[in-house]
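Shown next, in structure tokens, is the structure this report addresses.
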Amino acid sequence: MPEELAAVLELLGRRYALAAFWSLRGGSSAFRSLAGRVGAPESQLSQRLRELREAGLVEVDEVGEYRLTSHGRRLLGVLEPLSAWAQDWAALSPRQRVPKGSVSHATDEPDPD
């Protein structure tokens, strides 16, 4: 996996980071409003927003509200189709998720590589 992709996934995989990022897709939000929507403790949300700001994905606007930067909006453009795919995938039964003829990944045997 490319280093850069791993770094972005690691950042967004931190608790409350993706939820905060996703909540900003509709526009600017005050900190307390964002904390309420995300359901995160304020101290953790503050840390995640700081990390998202340092990554250039989120910024604070003129009135002190959080919003996505241009890089954040570009990332959102990538995540929205992934979200649509995930909704379709979640609607499948477990049996539909495994293609016919494929080996079940429930086996305990190691890969032959």
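Reckoned from all heavy atoms, side chains included, excluding hydrogens, waters and symmetry mates.
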Check your understanding: If you look at every heavy atom in Thr69 and Gly56, which pair is closest and at what distance?
Key -> OG1-O, 2.5 Å

**Study point:** Option from Leu18, Val58, Leu24 for which side-chain contact (heavy atoms from CB on, under 4.5 Å) with Leu52 holds
**Key:** Val58

Point to revise | Flag if over 12 foreign heavy atoms under 6.0 Å of CZ, Arg25 | key: yes

Check your understanding: Heavy-atom count around Glu3 CD within 6.0 Å, excluding the residue itself: above 12?
Key -> no

Check your understanding: Going hydrophobic residue to hydrophobic residue with side-chain gaps under 4.5 angstrom, can you get from Trp85 over to Leu9?
Key -> no

Practice item. Nearest 0.5 Å please: distance from the CZ atom of Arg15 over to the CD atom of Gln47. Key: 14.5 Å

Practice item. Over all heavy atoms of both residues, which pair between Tyr66 and Arg53 is shortest? Give the atoms and the distance, please. Key: CE2-CD, 3.9 Å

Exercise for review: Provide the closest heavy-atom pair for Leu34 versus Ala20 in the form atom of the first, atom of the second, distance.
Suggested key: CD1-O, 4.0 Å

Exercise for review: Any chance you could measure Ser70, atom OG, to Leu76, atom CG, to the nearest 0.5 Å?
Suggested key: 12.5 Å

Review point. Backbone N or O of Ser93 within a donor-acceptor pair of the Gln96 side chain at under 3.5 Å?
Key: yes

Practice item. With rounding to the nearest 0.5 Å, note down the distance linking CG in Leu49 to CD in Glu54. Key: 11.0 Å

Review point. Can you get from Val8 to Leu82 by hopping between Ile, Leu, Val, Met, Phe, Trp and Tyr side chains that sit under 4.5 Å apart?
Key: yes

Review point. CZ of Arg48 to CD of Gln44: how many Å apart, nearest 0.5 Å?
Key: 6.0 Å

Check your understanding: Are Phe31 and Val63 joined in one hydrophobic group, where the rule is that I, L, V, M, F, W and Y side chains link up if heavy atoms are under 4.5 Å apart?
Key -> no

Exercise for review: Looking only at non-hydrogen atoms, find the nearest pair between Glu65 and Ser28 and report the distance.
Suggested key: OE1-CB, 3.4 Å

Review point. Given Trp22 and Val38, is the side chain to side chain contact (heavy atoms under 4.5 Å, CB included) satisfied, shown in steps?
Key: CA-CA 9 Å; Trp22 192 254; Val38 171; over 6 Å; no

Review point. For residues Arg37 and Ser33, is any side-chain donor paired with an opposing acceptor at under 3.5 Å?
Key: yes

Exercise for review: For residues Phe21 and Gly72, report the shortest heavy-atom separation together with the two atoms involved.
Suggested key: CZ-O, 3.2 Å

Check your understanding: Counting only N and O atoms by type, is there a donor-acceptor contact under 3.5 Å from the side chain of Ser46 to the main-chain atoms of Glu42?
Key -> no

Point to revise | Residues Arg67, Glu62: salt bridge by 4.0 Å N-O rule | key: yes

Practice item. State whether the number of non-hydrogen atoms from other residues, nucleotides or ligands found under 6.0 Å of Arg32 atom CZ is greater than 12. Key: no

